[in-house]
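When a residue number appears, it is its place in the shown sequence, counting from 1. Excluded from the calculations below are hydrogen atoms, water molecules and symmetry mates; all remaining heavy atoms, backbone and side chain alike, are included. Since this is a predicted model, take the numbers as computed values, not measurements.
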Amino acid sequence: MSNATHSTIPLSDVTVWYLEQTSPEDLLPAAVPEGQVTVVRSERALPEFSRFLYTAVGGDVRWTDRLGLTYAQWQELLERPGTETWVAYENGTPAGFIELEPQAEGAVEIVYFGLIPAFRGRRIGGHLLSYGVARAWDLAERHPERTPTKRVWLHTCSDDGPHAMANYQRRGFRLYDTKTEQVPAVANPGPWPGAHA
C-alpha cells in the first residue's frame, strides 16, 4: 500500500470538428486584403522560426502539443518529405502561417494555420488560408515523388479562435466528422501579458 497521494489534472471537454475538400474546385478563395500582404514559402526548415510562429500564433488558443519537443524532434517534423510552411507577411512582419503535410493516398493535412493576434480581424486569415489550400492542391507539382492531391483536410476545435470554423467553411471546407474529447484543462501558454489585448 502506497502512502503517495495522487494528484489529478482537471479535464475539460473539447469538441473537435473535421473538415475536408475533395476537389480543387471546392476552394472558394477570399479577397486579397488591402496593403502590403505577401505569402512566402519558408523553404529552409528552421525549428527556431517554426517554434516562433507556433508560439506566437497558438499561445492564446492552447497550442501545447509541440512545446515539449526537442530541437531534433522539431527538425524531424519540418523535414518530413513534402511538408511545407507558408508564411504571411504584412509590410515585412510575419503575420501568420499555414503548415501542410502530405499523407498517404493523395491526402494533404493542414496541420497548423493561424495568425498572430495583432493581425487577426483584418482579412489576412482568409487570404492566407485560400493561398495555403491552393498550395495543398498543387503540392505534388513541387514534390513530384508525391501522389497528386485528392483531398485536403484539417481539424479545428472549440479551443480555437471564434472565427476559425466560419473561415474554413467560407473557403469551401465541409464538415465530415465531430468528436468530443477530454483534454487536460491547462492554461493558455501565452502570449505573455501585455503582448496583445
Side-chain angles (χ1 to χ4, degrees), residues 9 12 14 16 18-19 33 36-103 107-122 124-136 139 142-143 146 152-165 167-168 181 183-197:
I9 299 172
S12 65
V14 173
V16 182
Y18 296 83
L19 301 103
Q36 296 294 316
V37 176
T38 57
V39 181
V40 178
R41 181 176 165 205
S42 180
E43 295 194 38
R44 186 169 176 200
L46 282 178
E48 297 93 337
F49 185 50
S50 182
R51 193 175 196 282
F52 156 73
L53 292 169
Y54 177 88
T55 58
V57 169
D60 66 338
V61 288
R62 288 194 199 146
W63 287 8
T64 59
D65 57 312
R66 287 190 178 178
L67 291 180
L69 297 183
T70 65
Y71 188 93
Q73 289 169 323
W74 206 293
Q75 184 97 37
E76 184 179 342
L77 287 173
L78 296 174
E79 291 180 348
R80 292 167 297 183
T83 295
E84 295 183 346
T85 300
W86 293 83
V87 184
Y89 293 87
E90 184 185 57
N91 296 316
T93 301
F97 78 108
I98 186 166
E99 183 179 313
L100 309 176
E101 179 192 337
Q103 298 170 340
V108 175
E109 180 183 1
I110 296 174
V111 183
Y112 292 102
F113 161 74
L115 297 178
I116 294 171
F119 294 92
R120 295 177 189 156
R122 296 168 50 196
I124 296 171
H127 173 61
L128 173 59
L129 181 60
S130 300
Y131 196 93
V133 173
R135 300 297 68 79
L139 189 136
R142 293 179 301 284
H143 304 276
R146 305 299 313 178
V152 178
W153 73 281
L154 59 90
H155 68 272
T156 188
C157 75
S158 51
D159 278 345
D160 279 342
H163 306 293
M165 178 69 109
N167 190 15
Y168 295 133
E181 302 174 351
V183 299
V186 297
N188 291 345
W192 60 91
H196 184 73

If you round to the nearest 0.5 Å, how far is [atom2] of [Y] from [atom1] of [X]?
{"X": "Tyr131", "Y": "Ile124", "atom1": "OH", "atom2": "CD1", "answer": "15.5 Å"}
{"X": "Leu53", "Y": "Leu115", "atom1": "CG", "atom2": "CG", "answer": "11.0 Å"}
{"X": "Glu43", "Y": "Glu84", "atom1": "CD", "atom2": "CD", "answer": "8.5 Å"}
{"X": "Ile116", "Y": "Phe97", "atom1": "CD1", "atom2": "CZ", "answer": "9.5 Å"}

Count the heavy atoms of every other residue, nucleotide or ligand shown that sit under 6.0 Å from CD of Glu76, and state whether that count exceeds 12.
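Atom CD in Glu76 is not crowded, with 12 or fewer foreign heavy atoms closer than 6.0 Å.
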
Would you mind reporting whether [Y] and [X] have side-chain heavy atoms less than 4.5 Å apart?
{"X": "Pro81", "Y": "Arg146", "value": "yes"}
{"X": "Leu46", "Y": "Arg51", "value": "no"}
{"X": "Arg120", "Y": "Asp60", "value": "yes"}
{"X": "Thr93", "Y": "Phe119", "value": "yes"}
{"X": "Met165", "Y": "Leu19", "value": "yes"}
{"X": "Thr156", "Y": "Tyr168", "value": "yes"}
{"X": "Leu100", "Y": "Val152", "value": "no"}

For the pair Val40 and Val87, evaluate side chain to side chain contact (heavy atoms under 4.5 Å, CB included) and give the outcome as yes or no after the intermediate values.
CA-CA 5 Å; Val40 178; Val87 184; 5.7 Å; no

Decide whether Tyr71 and Glu48 meet the rule of one side-chain donor and one side-chain acceptor closer than 3.5 Å.
yes

Please report the C-alpha distance between Phe113 and Val133 in whole Å, then the side-chain angles of each, then the deciding distance to 0.1 Å, and finally whether the side chain to side chain contact (heavy atoms under 4.5 Å, CB included) criterion is met.
CA-CA 10 Å; Phe113 161 74; Val133 173; over 6 Å; no

For a side-chain contact (heavy atoms from CB on, under 4.5 Å) with Pro47, tell me which candidate from Tyr54, Phe52, Trp74 qualifies.
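With Pro47 as partner, side-chain contact (heavy atoms from CB on, under 4.5 Å) holds for just one option, Trp74.
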
In terms of relative ring orientation, are Trp153 and Tyr18 parallel, tilted or perpendicular, with 30° and 60° separating the classes?
parallel

Shortest non-hydrogen contact from [X] toward [Y]:
{"X": "Pro117", "Y": "Ala56", "answer": "CD-O, 3.3 Å"}
{"X": "Leu78", "Y": "Ser50", "answer": "CD2-OG, 3.5 Å"}
{"X": "Leu139", "Y": "Gly82", "answer": "CD1-O, 3.6 Å"}

So, does Gln75 use its side chain to make a donor-acceptor pair with the main chain of Ala45 at under 3.5 Å?
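Between the backbone of Ala45 and the side chain of Gln75 there is a qualifying donor-acceptor contact (under 3.5 Å).
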
Whether the side chain of Ser130 engages the backbone of Gly126 through a donor-acceptor N/O pair (distance < 3.5 Å, no angle test) should be reported.
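Side chain of Ser130 to backbone of Gly126, a donor-acceptor pair under 3.5 Å: yes, one is there.
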
Between Glu99 and Arg80, is the salt bridge (charged side-chain N to carboxylate O under 4.0 Å, His left out) condition met? List the steps.
CA-CA 12 Å; Glu99 183 179 313; Arg80 292 167 297 183; 2.9 Å; yes

Arg135 vs Arg41, side chain to side chain contact (heavy atoms under 4.5 Å, CB included): CA-CA, chis, key distance, verdict:
CA-CA 10 Å; Arg135 300 297 68 79; Arg41 181 176 165 205; over 6 Å; no

Apply the test side chain to side chain contact (heavy atoms under 4.5 Å, CB included) to residues Arg66 and Leu77: give CA-CA distance (whole Å), side-chain angles for both, the deciding distance (0.1 Å), then the verdict.
CA-CA 10 Å; Arg66 287 190 178 178; Leu77 287 173; 3.5 Å; yes

